[in-house]
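One structure is given here, and the rest of the page talks about it.
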Amino acid sequence: MKKAALLLGVAGLIGTMGMGTVSQASTLVGTVQYHKFHGTATIKKSYKHFKLTSHQPNSDYKVIKTFSWKSAKLKAGSKVKIDRRASQATQYDWYRIKATSKHHTRRYWVYGQALNLK
């Protein structure tokens with residue numbers, strides 16, 4: 001009984017000192033907000049510094065796949081369509097892009113710094 005009381009006392013002390021769980025730390029950045037966005041962009045020359053993902057990386061999706069630019073057949077200067085924007089208290093937003101070719105239907109999320117918005 002004394003051990004249980006001691007553990008509860010330590011847990012309460014940690015909670016009051018602000019040493020909360022990881023989920024509390026993640027809320028400091030803010031929640032991801034999705035917005036409809038209709039526009040076009042081109043891929044910047046520094047695109048290789050950024051990843052293409054299946055979902056916005058800070059979203060609630062448990063499995064987020066990463067794709068190579070080569071497999072997506074995208075490179076610097078490629079034109080892309082944008083249909084969604086995700087913002088989360090950062091300087092740049094994330095955009096869901098799709099190549100402008102008729103046969104390319106796969107959509108990817110990419111950080112805004114990889115794009116020249118028009």
Side-chain angles (χ1 to χ4, degrees):
M1 185 70 167
K2 289 182 181 179
K3 288 182 183 179
L6 179 64
L7 289 175
L8 288 174
V10 171
L13 180 63
I14 289 173
T16 58
M17 291 176 57
M19 296 178 186
T21 61
V22 175
S23 63
Q24 289 176 342
S26 66
T27 59
L28 294 176
V29 178
T31 58
V32 178
Q33 297 178 357
Y34 295 93
H35 312 278
K36 289 183 181 180
F37 189 94
H38 299 286
T40 59
T42 56
I43 307 292
K44 286 185 180 179
K45 291 181 182 180
S46 61
Y47 73 99
K48 289 187 179 183
H49 296 288
F50 306 98
K51 295 180 181 180
L52 292 173
T53 58
S54 58
H55 300 286
Q56 196 268 349
N58 296 325
S59 65
D60 292 333
Y61 288 93
K62 293 183 181 185
V63 178
I64 299 175
K65 296 179 182 179
T66 303
F67 301 94
S68 71
W69 290 91
K70 187 175 181 178
S71 69
K73 298 179 183 172
L74 295 171
K75 58 184 179 180
S78 296
K79 292 182 181 179
V80 292
K81 293 180 183 178
I82 302 171
D83 66 346
R84 293 262 187 248
R85 178 177 62 91
S87 57
Q88 187 184 12
T90 57
Q91 183 178 1
Y92 295 98
D93 294 331
W94 287 83
Y95 295 92
R96 189 169 74 173
I97 62 171
K98 177 180 138 178
T100 56
S101 66
K102 293 179 183 178
H103 301 290
H104 192 78
T105 59
R106 181 88 183 156
R107 293 186 173 128
Y108 307 97
W109 284 94
V110 66
Y111 196 55
Q113 276 189 299
L115 302 173
N116 285 320
L117 299 172
K118 294 183 178 181

Might you point out which heavy atoms bring Ala86 and Asp93 nearest each other, and give the distance in Å? O-CB, 3.3 Å

Can you list everything that forms a side-chain hydrogen bond (donor to acceptor under 3.5 Å, both in side chains) with Asp83? Sequence neighbours excluded, please. Arg96, Arg107

Main chain of Phe50, side chain of Trp69: is a donor-acceptor contact present, judged purely on distance under 3.5 Å? yes

Answer yes or no: is there a donor N or O on one side and an acceptor on the other, between the side chain of Thr53 and the main chain of Gln56, under 3.5 Å? no

Angle class for the Tyr61/His55 ring planes (parallel below 30°, perpendicular above 60°, tilted otherwise)? parallel

Hey, is NZ on Lys70 packed in by over 12 heavy atoms from elsewhere, all under 6.0 Å? no

Might you point out which heavy atoms bring Ile82 and Ala41 nearest each other, and give the distance in Å? CD1-CB, 3.8 Å

Is there a side chain to side chain contact (heavy atoms under 4.5 Å, CB included) between Phe67 and Arg106? Walk through the geometry before answering. CA-CA 11 Å; Phe67 301 94; Arg106 181 88 183 156; 2.6 Å; yes

Looking only at non-hydrogen atoms, find the nearest pair between Ser87 and His35 and report the distance. OG-NE2, 3.2 Å

To the closest 0.5 Å, what do you measure between CG (Asn116) and CD1 (Ile43)? 9.0 Å

Nearest atoms (heavy-atom pairs only) where Leu52 meets Ser68: CD1-O, 4.0 Å

Give a yes or no on whether Tyr108 and Leu117 share a hydrophobic cluster (residues Ile, Leu, Val, Met, Phe, Trp, Tyr; joining criterion: side-chain heavy atoms under 4.5 Å apart). yes

Would you say Trp94 and Tyr92 are hydrophobically clustered, going by side-chain heavy atoms of ILVMFWY under 4.5 Å? yes

Begin with the C-alpha distance, continue with both residues' side-chain angles, and end with the deciding distance and a verdict on side chain to side chain contact (heavy atoms under 4.5 Å, CB included) for Val80 and Thr40. CA-CA 6 Å; Val80 292; Thr40 59; over 6 Å; no

Atom pair NZ (Lys44) and OG1 (Thr42), whose distance is rounded to the nearest 0.5 Å: 9.0 Å

Name all residues meeting the side-chain contact (heavy atoms from CB on, under 4.5 Å) criterion together with His49; count only those two or more places apart in sequence or in a different chain, and write none if there are none. Ser46

Crowded around Lys81 NZ? As in, over 12 foreign heavy atoms under 6.0 Å? no

Where is the tightest heavy-atom contact between Lys45 and Ala76, given as atom of each residue plus distance? CA-CB, 3.9 Å

Residues in salt bridge (Lys or Arg N to Asp or Glu O under 4.0 Å) with Arg84, at least two apart? none

Counting C-beta onward and ignoring hydrogens, is there a side-chain heavy-atom pair between Tyr34 and Ser59 closer than 4.5 Å? yes

Taking atom CD of Gln88 and atom CG of Asn58, what is their separation to the nearest 0.5 Å? 4.0 Å

When rounded to the nearest 0.5 angstrom, what is the spacing between OG in Ser54 and CH2 in Trp109? 11.0 Å

